[in-house]
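Report on the following structure.
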Amino acid sequence: MQNVHQGFRAETLVRFLKARDWNVAKAHKMLVDCLHWRVQNTIDDILAKPIVPIELYGAVRDSQLIGMSGYSREGLPVFAIGVGLSTFDKASVHYYVQSHIQINEYRDRVILPSASKKHGRPITTCIKVLDMTGLKLSALSKIKLLTIISTIDDLNYPEKTNTYYIVNAPYIFSACWKVVKPLLQERTRKKIQVLPGCGRDELLKIMDIASLPHFCRKDGSGSSRNSENENCFSLDHPFHQQLYNYIKQQSLITEPAQPIKQGSFHVDLPEPAAEETEIAKSLESELRKFEKGNMLSKSTDGIKIDDD
């Protein structure tokens with residue numbers, strides 16, 4: 001429980017209550033289930049289990065685009081996620097789940113407590129900026145894994161995100177959003193803001209330019225993989241260097257005499273809730289309609305219809 005509340009018990013209980021619409025019995029069950037999940041999967045030890053060798057971790061980082069670009073003016077950590085260009089094709093599902101949970105735990109145990117201490121008040125949530133650059137129909141193959149990761153967050157890290165900002169949204173996303181939006185709970189809908197273009201002007205109202213994710217710096221910039229110091233997805237970015245070094249140090253403290261072995265940290269993959277499954281099915285259905293529409297338009301290209 002200490003690793004869940006980090007000294008902010010009241011704020012933690014409120015998070016679980018919000019997640020269950022202030023139903024005390026349901027919130028209590030959710031919290032107990034979360035603690036059981038942590039014990040059964042030894043989540044307290046996950047920050048002492050580095051993904052090795054570093055080349056494998058680099059491959060995970062290059063295909064699961066996530067990073068931290070800075071802080072909002074209110075002190076909330078700003079996490080950037082490259083939804084459209086993440087391929088999830090360089091490692092097994094378990095490595096991607098392990099990496100995601102490690103970032104969650106590092107955020108909750110290191111980043112948020114540090115921000116709270118700096119600002120002299122509880123900071124228990126973050127901001128996420130989702131880059132849709134490059135979103136394609138191949139996203140269909142990622143829906144199952146993304147639903148698993150989303151379910152882990154919903155059940156065990158509830159109400160940790162203050163706002164989701166969606167930027168660089170192509171038409172394919174806009175079409176799917178119209179279908180998915182009505183399926184979301186009102187509480188979740190209020191957290192999601194689809195910004196025009198790269199979202200630069202809107203995001204600069206809540207953060208300095210230094211904290212702006214690299215793909216929001218100018219229109220059409222996309223999820224650039226080049227300028228490593230600015231690209232918060234890169235393994236060379238300070239956030240990932242600090243995270244990886246922290247995990248390596250923790251592993252030496254926990255098992256100083258044991259060589260670090262390669263192998264993923266297996267976590268029980270949850271069955272998505274009915275609500276999550278319905279959203280995933282709706283997304284898949286819309287993407288397939290979009291795909292069929294594209295195929296139809298291509299098949300009619302160049303066909304001349306005579307007046308006869």
Side-chain angles (χ1 to χ4, degrees), residues 1-52 57 60 64 66 77 79 91-114 116 122-126 144-161 243-244 246-277:
M1 185 61 182
Q2 172 64 39
N3 277 334
V4 175
H5 68 67
Q6 290 294 323
F8 301 113
R9 292 175 180 270
E11 289 78 7
T12 299
L13 296 177
V14 166
R15 285 196 298 106
F16 280 86
L17 282 164
K18 281 183 179 178
R20 289 296 177 261
D21 295 321
W22 304 97
N23 183 306
V24 174
K26 290 181 178 179
H28 175 262
K29 182 181 185 303
M30 185 186 192
L31 178 55
V32 171
D33 288 345
C34 168
L35 294 176
H36 282 157
W37 173 78
R38 295 184 67 87
V39 170
Q40 289 164 3
N41 293 280
T42 59
I43 299 300
D44 285 352
D45 298 333
I46 201 167
L47 286 181
K49 304 291 182 182
I51 295 175
V52 291
Y57 183 69
V60 170
Q64 183 185 32
I66 183 171
F79 283 87
S92 71
V93 169
H94 289 284
Y95 280 116
Y96 290 116
V97 171
Q98 175 181 351
S99 166
H100 180 80
I101 295 174
Q102 284 179 329
I103 291 175
N104 279 357
E105 291 291 313
Y106 186 71
R107 173 197 66 196
D108 293 353
R109 296 195 225 171
V110 179
I111 292 173
L112 291 174
S114 175
S116 299
I123 294 178
T124 58
T125 61
C126 67
K144 184 176 180 181
L145 173 57
L146 292 174
T147 305
I148 287 171
I149 287 175
S150 173
T151 302
I152 287 173
D153 283 355
D154 288 345
L155 296 177
N156 304 293
Y157 302 93
E159 299 294 318
K160 294 298 295 190
T161 302
L243 168 62
Y244 196 71
Y246 180 89
I247 294 174
K248 280 174 61 179
Q249 289 168 5
Q250 292 299 306
S251 72
L252 295 174
I253 294 170
T254 306
E255 299 180 39
Q258 299 293 324
I260 301 174
K261 296 180 181 179
Q262 183 174 348
S264 60
F265 185 98
H266 279 234
V267 174
D268 293 336
L269 303 181
E271 283 294 321
E275 181 182 305
E276 295 264 348
T277 303

Please walk me through it: do Gln98 and Val60 pass side chain to side chain contact (heavy atoms under 4.5 Å, CB included)?
CA-CA 10 Å; Gln98 175 181 351; Val60 170; over 6 Å; no
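- Taking every heavy atom of both residues into account, Leu155 and Phe16 meet most closely at O-CE2, 4.4 Å.
- Of the residues Asp44, Asp33, Asn156, Asn3, the one that meets the side chain to side chain donor-acceptor pair (under 3.5 Å) test with Arg38 is Asp44.
- The side-chain heavy atoms of Glu105 and Ile43, taken from C-beta on, include a pair separated by under 4.5 Å.
- Ion pairing between a basic and an acidic side chain is recognised when a charged N comes within 4.0 Å of a carboxylate O; Asp45 and Lys49 show no such pairing.
- Between the side chains of Tyr244 and Gln102, no donor-acceptor pair is found at a separation under 3.5 Å.
- Looking only at distances, a side-chain donor or acceptor of Ser251 sits under 3.5 Å from a matching main-chain atom of Lys248.
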task: For the pair Asp21 and Lys26, evaluate side chain to side chain contact (heavy atoms under 4.5 Å, CB included) and give the outcome as yes or no after the intermediate values.
output: CA-CA 9 Å; Asp21 295 321; Lys26 290 181 178 179; over 6 Å; no
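- Two residues are said to be in side-chain contact when any heavy atoms from C-beta on lie closer than 4.5 Å; Leu13 and Leu31 meet this criterion.
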Steps toward side chain to side chain contact (heavy atoms under 4.5 Å, CB included) verdict (Ile103, Leu243): CA-CA 8 Å; Ile103 291 175; Leu243 168 62; 3.8 Å; yes
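- For the atom pair CG (Asp108) and CZ (Phe8), the distance works out to 11.5 Å, reported to the nearest 0.5 Å.
- Closest approach of Pro158 to Ala19, counting heavy atoms only: CB-CB, 3.7 Å.
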**OP:** Apply side chain to side chain contact (heavy atoms under 4.5 Å, CB included) to the pair Arg20 and Lys29, showing each step before the final yes or no.
**Re:** CA-CA 10 Å; Arg20 289 296 177 261; Lys29 182 181 185 303; over 6 Å; no
